[in-house]
J.: 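Structure in structure tokens, see below.
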Amino acid sequence: MSLSLFAGVAVPAMNRARLSAAQWQMLMLLYVGHLAHDPKPLHLSTHSRSESAAQSRMLRRLEERGYVVRVAEGPSHYRTTGVVLTAAGLEFMKAVTGHPDPA
């Protein structure tokens, strides 16, 4: 995303949606993964520099808004969860970025 697009489109959308910079960063990482057809869920600990308590609060807020959902990694990794965009999260990101879904 170019700086002008971020300043002109994304920042107002972030403000309207009441998203923090960290929440926006997570949504953007998930959206880029979606565009790259990366089926693996985003792991918070890999992509975030915030503490686990802050990550949990951020994730809970995004879940409450319907933008993301936690997914289990499988029966052998019952404590490991990832995060993926919901349909609403995907539509929000497409609207904000103006980037069509290639799928």
J.: Suppose we screen for side chain to side chain contact (heavy atoms under 4.5 Å, CB included). Which residues come up paired with Ala88, at least two apart in sequence or across chains?
T.: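 Counting only residues at least two positions away or on another chain, Ala88 forms a side chain to side chain contact (heavy atoms under 4.5 Å, CB included) with Thr86.
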J.: Same hydrophobic cluster for Leu59 and Val32, using side-chain heavy-atom links shorter than 4.5 Å among ILVMFWY?
T.: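 Each belongs to a different hydrophobic cluster.
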J.: Rounded to the nearest 0.5 Å, what separation is found between the OH atom of Tyr67 and the OH atom of Tyr31?
T.: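 It comes to 14.0 Å.
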J.: Looking at Glu64 and Arg61, does any basic side-chain N land under 4.0 Å from a carboxylate oxygen?
T.: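 No, this pair does not count.
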J.: So how far is it from Leu85 CG to Glu91 CD, rounded to the nearest 0.5 Å?
T.: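 Atom-to-atom, Leu85:CG and Glu91:CD are 10.5 Å apart.
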J.: Are any of the side-chain heavy atoms of Val83 and Leu62 separated by less than 4.5 Å?
T.: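 When only atoms from C-beta onward are counted, Leu62 and Val83 do not touch, as no gap falls below 4.5 Å.
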J.: So if I apply the side-chain contact (heavy atoms from CB on, under 4.5 Å) rule between Gln23 and each of Arg18, Arg65, Met28, which one comes out positive?
T.: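 Option passing the side-chain contact (heavy atoms from CB on, under 4.5 Å) with Gln23: Arg65.
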J.: Where do Leu30 and Val84 come nearest, in terms of heavy atoms and distance?
T.: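 Scanning both residues, the minimum pair turns out to be CD2-CA, 4.0 Å.
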J.: Taking only residues two or more places apart in sequence or in another chain, which ones pass salt bridge (Lys or Arg N to Asp or Glu O under 4.0 Å) with Arg70?
T.: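 If we apply the salt bridge (Lys or Arg N to Asp or Glu O under 4.0 Å) test to Arg70, skipping adjacent residues, the hits are Glu63.
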